[in-house]
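Here it is: the structure, laid out below.
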Amino acid sequence: MIKEKLVELISATWLKLCDGEVIDNNFVIEEPPKNIQADFATNICFQGARLIKNSPIKIAEKFIELINENKVDMIEDIFIAGPGFVNFILKKELFIEEALTRFNSKNYVIKTKNSDKILIEFVSANPTGPLHIGHARGAAIGDSLARILTRLGHAVDKEYYVNNAGNQIDVLAKTLDVRYQQLQGKDIELPDESYRGKYMIEIAEQIGIQSGEIDFKKIVIAKILDLIEGDLKKFNIDFHNWFLETSLIEDEQFDFAIERLKRSGHLKLVDGAWWLMAGDLGDDDKNRVVIRQDGRPTYFATDIAYHANKFKRGYDKLINIWGADHHGYVARIKAAVSYLGHEQDDLNIVLYNLVSLLRNGQKIPMSTRAGEFISLAEVINEVGVDATRFFLLMRDGNSSLDFDLELAKAQSSDNPVYYVQYARARIFSILRKASEDGVKPSNDDFLKTIKEKEELNLIKMILKYSDIVALAAKECSSHHISMYLQELAAKFHNYYAKYKISEQPGRLILIMMIADIIADGLDLLGVSAPDRM
RNA sequence: GCGCCUGUAGCUCAGCUGGAUAGAGCGUCGGACUUCGAAUCCGCAGGUCGUAGGUUCGAAUCCUACCAGGCGUACCA
């Protein structure tokens with residue numbers, strides 16, 4: 001709100017200065033560097049120097065003159081610094097009042113204007129075994145993004161796409177078949193192509209003695225999905241919908257999408273197979289097979305149908321969270337979506353790089369097929385949900401991540417997640433103490449007595465939270481939030497060390513705001529916020 | 001070969017659509033608890049932002065080439 005007013009003021013002043021030469025909001029308002037004492041700075045005079053031929057400094061001088069003439073009441077001081085930045089110091093009451101408004105309404109995040117219905121699809125691991133740490137990164141990113149978008153006012157559904165058709169599932173069913181027969185005492189070996197993890201034996205044990213035909217495929221998918229769903233629940237994640245690949249065929253969604261593509265002229269029969277001609281149009285590196293010569297659809301074909309179906313269900317925007325090893329797939333699915341008549345930008349594919357699980361710096365080899373891996377459930381047991389989630393969300397998804405179990409455990413006492421949680425627990429402790437001493441929080445005192453530099457910095461930080469959440473949504477990356485929370489916690493700890501809080505009713509309001517925001521931010525990451533630790 | 005991602009302090013990483021003296025955490029070293037929780041705080045040290053050019057008032061950020069690592073380039077899923 002404060003920033004918006006400032007934008008208006010700057011735009012209006014610019015119009016006067018250059019006599020109507022529109023600058024088209026092509027300037028920024030930002031925080032000045034630490035050595036400069038000001039609330040905001042703008043680079044408008046640099047941008048303006050391009051339009052009207054004059055030096056930035058000269059323009060800045062005139063700019064300030066104009067503002068001073070009009071006696072704008074929100075401004076305490078205004079000055080030039082560096083090669084032509086205009087710096088603003090605003091009346092501190094503006095910040096204090098704004099913070100109190102948000103505190104009283106418990107609305108620390110300004111909602112976005114559009115309320116798009118969004119479908120976010122993530123994890124979608126093939127149901128061939130338990131989840132591991134790599135899936136967990138996608139899970140944490142997707143779930144957190146869903147929470148963020150919801151907070152901003154969107155209607156968000158979370159979906160898991162289940163690949164319950166295809167080769168892998170046949171191999172899986174065969175593995176279960178053999179394991180079952182082995183349990184019955186038969187002396188047969190697993191085929192080379194098998195899933196060797198011990199969870200397959202456990203599933204076989206659960207079948208028990210049955211007469212007649214056993215549908216191993218049906219059993220194995222159901223059991224493994226149970227396993228996956230259970231692991232995700234432990235990880236604090238649930239889905240609105242589990243979408244079965246096979247339902248596309250059953251519900252004729254598949255035929256619908258393929259027909260539509262054929263009609264669009266982008267699907268052509270060449271050498272007995274149907275190809276998506278995206279390569280010829282420059283939308284992809286090459287054309288891709290959708291229906292094989294033998295008439296069987298490729299994975300790509302069902303995926304096209306799946307995306308067509310998502311839009312058909314009424315979602316305005318689709319978000320997919322994919323491992324970066326699938327990046328080569330992005331162009332073709334986007335091409336397909338556009339040939340189906342949708343905007344490419346309505347499908348947003350967020351990629352995250354893969355996670356290496358380490359122990360004492362040694363890489364742990366992972367292979368679902370060979371049954372050698374540490375499952376997500378084991379990681380959670382060892383490290384804890386909060387630390388695991390925070391760790392996975394601490395950095396930008398673009399870079400690969402080393403997750404060292406020993407490090408995560410060894411660090412547990414000064415792990416960033418506990419640092420943030422502790423700040424909030426500490427606040428509750430102060431509030432308890434104040435309550436015992438009969439000191440009550442007071443809005444009035446907050447308005448009147450808050451004046452220290454550290455307090456004003458904290459208040460600005462509180463107001464900034466809304467921007468951070470919006471940024472995280474825009475860039476589809478929660479790491480901005482975890483970074484912000486660490487900084488907020490640090491500022492609070494520093495403030496605590498310097499000032500006595502519990503005896504001042506105004507300060508109690510300030511720390512309650514901080515506690516609110518820490519709880520809100522941690523919730524967006526899917527991390528708990530205990531009152532005591 | 002072509003395409004995508006990554007390269008910033010000893011280590012792990014931030015750095016928003018180009019901005020003013022590039023920042024945290026961990027680690028090293030040195031300080032602070034008879035006080036609202038020391039799971040904390042304060043301080044010192046640590047950098048040719050992979051390399052070389054280019055664009056401009058201004059580049060870690062944009063462009064080009066190169067170097068290094070990862071991933072992808074199936075009628076697999």
Side-chain angles (χ1 to χ4, degrees), chain A residues 26 28 30 32-36 41 43 45-46 49-50 55-57 81-85 87 126 128 163 165-169 245 271-275 284-286 288-303 323-331 351-354 356 394-402 404 407 411-423 425-434 436-437 439 467-468 470-471 474-475 479-480 482-484 486-487 489-490 492-504 507-508 511 532-533:
Chain A
N26 196 15
V28 291
E30 58 192 354
K34 281 176 187 162
N35 58 320
I36 287 175
N43 66 345
C45 299
F46 295 99
R50 290 171 212 263
S55 76
I57 295 267
F85 291 95
N87 283 269
N126 291 336
T128 56
N163 296 120
N167 282 336
Q168 288 183 97
I169 301 301
E245 181 185 358
D271 297 334
W274 288 90
W275 298 69
D284 192 5
D285 292 340
K286 52 178 87 163
R288 311 279 175 179
V289 171
V290 176
I291 313 276
R292 299 178 176 92
Q293 278 183 334
D294 62 12
R296 287 155 52 236
T298 61
Y299 174 83
F300 182 36
T302 42
D303 215 23
D325 53 339
H326 292 95
H327 74 259
Y329 205 83
V330 173
L351 300 174
Y352 64 92
N353 263 276
L354 300 186
S356 306
M394 236 161 50
R395 17 209 73 136
D396 188 306
N398 276 332
S399 41
S400 54
L401 179 69
D402 286 348
D404 193 310
L407 202 71
Q411 275 190 346
S412 65
S413 65
D414 54 359
N415 192 305
V417 67
Y418 299 118
Y419 180 80
V420 174
Q421 287 177 326
Y422 176 64
R426 205 177 209 184
I427 287 171
F428 274 78
S429 178
I430 298 167
L431 294 173
R432 267 178 244 125
K433 165 84 168 129
E436 280 164 24
D437 296 348
V439 182
D467 297 337
I468 297 292
L471 178 67
K474 188 181 150 211
E475 296 193 353
H479 81 281
H480 291 109
S482 62
M483 291 282 171
Y484 166 88
Q486 290 177 72
E487 200 185 328
F492 163 73
H493 284 308
N494 170 282
Y495 175 57
Y496 170 89
K498 198 164 171 185
Y499 298 95
K500 183 87 178 173
I501 299 167
S502 65
E503 293 164 1
Q504 301 211 24
R507 288 179 175 169
L508 295 180
I511 64 170
R532 295 173 200 259
M533 310 172 54

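Residue numbering restarts at 1 for every chain, and letters A, B, ... go by the order of the sequence lines. Just so it is clear, the values below take in all heavy atoms, side chains as well, and ignore hydrogens, waters and symmetry mates.
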Exercise. Counting distance only, does the side-chain N/O of Asp437(A) pair as donor-acceptor with the main-chain N or O of Val439(A) below 3.5 Å?
Worked result: no
Seminar exercise, completed: Expected string for nucleotides 20-25 of chain B under the B/S/- scheme (protein heavy atoms, under 4.0 Å, primed atoms plus P, OP1, OP2 as sugar-phosphate) is BB-SS-
For this session: Step by step, work out the side-chain contact (heavy atoms from CB on, under 4.5 Å) result for Phe492(A) and Ile501(A).
Result: CA-CA 11 Å; Phe492(A) 163 73; Ile501(A) 299 167; 4.2 Å; yes
Problem set entry | Pairwise distance NZ(Lys500(A)) to CD1(Ile430(A)) - rounded to 0.5 angstrom | 9.0 Å
Exercise. Distance from Glu245(A) atom CD to Thr302(A) atom OG1, nearest 0.5 Å?
Worked result: 4.0 Å
Problem set entry | C1' spacing across the pair A9(B) / C26(B), given as an integer number of angstrom | 12 Å
For this session: Look at all strands and tell whether Ser429(A) reaches a base, only sugar-phosphate, or nothing, counting heavy atoms closer than 4.0 Å.
Result: base
Exercise. Within the side chain of Gln486(A), is there an N or O that forms a donor-acceptor pair under 3.5 Å with the backbone of Ser482(A)?
Worked result: yes
For this session: Check every strand shown and say whether Tyr484(A) touches a base, only sugar-phosphate, or nothing at a heavy-atom separation below 4.0 Å.
Result: nothing
For this session: Taking His493(A) for its side chain and Ala490(A) for its backbone only, find out whether a donor-acceptor pair lies under 3.5 Å.
Result: no
Exercise. G3(B) C1' sits how many Å from Leu351(A) CG, rounded?
Worked result: 13 Å
Exercise. How long is the span from the NZ atom in Lys433(A) to the CG atom in Leu508(A), to the nearest 0.5 Å?
Worked result: 12.0 Å
Seminar exercise, completed: Glu487(A) CD to C41(B) P, in whole Å, measures 13 Å
Exercise. Which part of the nucleic acid does Ala434(A) contact within heavy-atom distance under 4.0 Å: base, sugar-phosphate only, or nothing?
Worked result: nothing
Exercise. How about Tyr495(A) and Tyr499(A): are their ring centroids closer than 6.0 Å?
Worked result: yes
For this session: Check the distance between U56(B)'s C1' and Asn43(A)'s CG and give it to me in whole angstrom.
Result: 14 Å
Distances under 3.5 Å between nitrogen or oxygen atoms of protein and nucleotides 58-60 of chain B:
from	atom 1	to	atom 2	distance (Å)
G58(B)	O6	Arg50(A)	NH2	2.8

Exercise. Think Tyr419(A) has a side-chain N or O under 4.0 angstrom from the OP1 or OP2 of C41(B)?
Worked result: yes
For this session: Using whole Å, report how far CG of Asp402(A) lies from C1' of C26(B).
Result: 15 Å
Any N/O pairs under 3.5 Å between the protein and nucleotides 42-46 of chain B? List them or say none.
from	atom 1	to	atom 2	distance (Å)
C42(B)	OP1	Asn494(A)	ND2	2.6

Problem set entry | Any Asn398(A) side-chain N or O less than 4.0 Å from OP1/OP2 of C5(B) | no
Exercise. Rounded to the nearest 0.5 Å, how far apart are NE2 of His480(A) and CG of Asp396(A)?
Worked result: 7.0 Å
Problem set entry | Rounded distance (nearest 0.5 Å) linking atom CD1 of Ile169(A) with atom OG1 of Thr128(A) | 7.0 Å
Exercise. About how many Å separate OG1 of Thr298(A) and CG of Asp303(A), when rounded to the nearest 0.5 Å?
Worked result: 9.0 Å
Exercise. So what does Lys433(A) touch, heavy atoms closer than 4.0 Å: a base, only the sugar-phosphate, or nothing?
Worked result: sugar-phosphate
Exercise. Which stems does RNA chain B form, counting runs of 3 or more consecutive Watson-Crick or G-U wobble pairs with both distances under 3.5 Å?
Worked result: B:1-7 with B:67-73, B:10-13 with B:23-26, B:29-32 with B:40-43, B:50-54 with B:62-66
For this session: Check whether NZ of the Lys or CZ of the Arg Arg532(A) lies under 6.0 Å from the centre of the six-membered ring of Phe428(A) and within 45 degrees of that ring's axis.
Result: no
Exercise. Expressed as a whole number of Å, how far does the P atom of G27(B) sit from that of C42(B)?
Worked result: 15 Å
Exercise. Any idea how Tyr329(A) and Phe300(A) line up, ring-wise: parallel (<30°), tilted (30 to 60°), or perpendicular (>60°)?
Worked result: perpendicular
For this session: May I have the distance from Glu436(A) (atom CD) to C36(B) (atom C1'), rounded to whole angstrom?
Result: 10 Å
Seminar exercise, completed: From CZ of Arg395(A) across to P of C26(B) the rounded distance in Å is 13 Å
Exercise. What distance, rounded to whole Å, do you find between the two C1' atoms, one in G25(B) and one in A39(B)?
Worked result: 15 Å
Problem set entry | RNA chain B: 5'-proximal contact among Asp396(A) and Arg532(A) (nearest heavy atom) | Asp396(A)
Problem set entry | Selection from U6(B), U40(B), C36(B) that lies nearest to any side-chain heavy atom of His493(A) | U40(B)
For this session: Starting from the C-alpha separation in whole Å, work towards a yes-or-no answer on salt bridge (charged side-chain N to carboxylate O under 4.0 Å, His left out) for Arg296(A) and Asp294(A).
Result: CA-CA 6 Å; Arg296(A) 287 155 52 236; Asp294(A) 62 12; 2.7 Å; yes
For this session: For A52(B) versus C57(B), give the span between their P atoms, rounded off to a whole number of Å.
Result: 24 Å
For this session: Identify whether any heavy atom of Met533(A) sits under 4.0 Å from a base atom; if not, whether one sits that close to sugar-phosphate; answer base, sugar-phosphate or nothing.
Result: base
Exercise. With a cut-off of 6.0 Å (strictly less than), are more than 12 heavy atoms of other residues, nucleotides or ligands near CG of Asn35(A)?
Worked result: yes
Exercise. Hey, is C44(B) sitting syn or anti, using the within-90° cutoff around 0?
Worked result: anti
Exercise. Arg426(A) CZ to C33(B) P: how many Å, rounded?
Worked result: 15 Å
Problem set entry | Per-nucleotide protein contact string for nucleotides 71-77 of chain B, where B marks a base within reach and S marks sugar-phosphate only (heavy atoms under 4.0 Å, - for neither) | BSSSBSB
Exercise. Is Ser356(A) near enough to G70(B) that one of its side-chain N or O atoms lies under 4.0 angstrom from OP1 or OP2?
Worked result: no
Exercise. Hey, does Glu475(A) reach any base, or is it just sugar-phosphate, or nothing, if we go heavy atoms under 4.0 Å?
Worked result: sugar-phosphate
For this session: Choose from G15(B), U40(B), C13(B) the nucleotide whose nearest atom is closest to any side-chain atom of Ser399(A).
Result: C13(B)
Exercise. Under 3.5 Å, is there a donor-acceptor pair between the side chain of Glu30(A) and the main chain of Ala41(A)?
Worked result: no
For this session: Check side chain to side chain contact (heavy atoms under 4.5 Å, CB included) between Lys498(A) and all other residues, then give those that pass, not counting sequence neighbours.
Result: Glu454(A)
For this session: Would you check if the side chain of Asn163(A) reaches a backbone N or O of Asn126(A) as a donor-acceptor pair within less than 3.5 Å?
Result: no
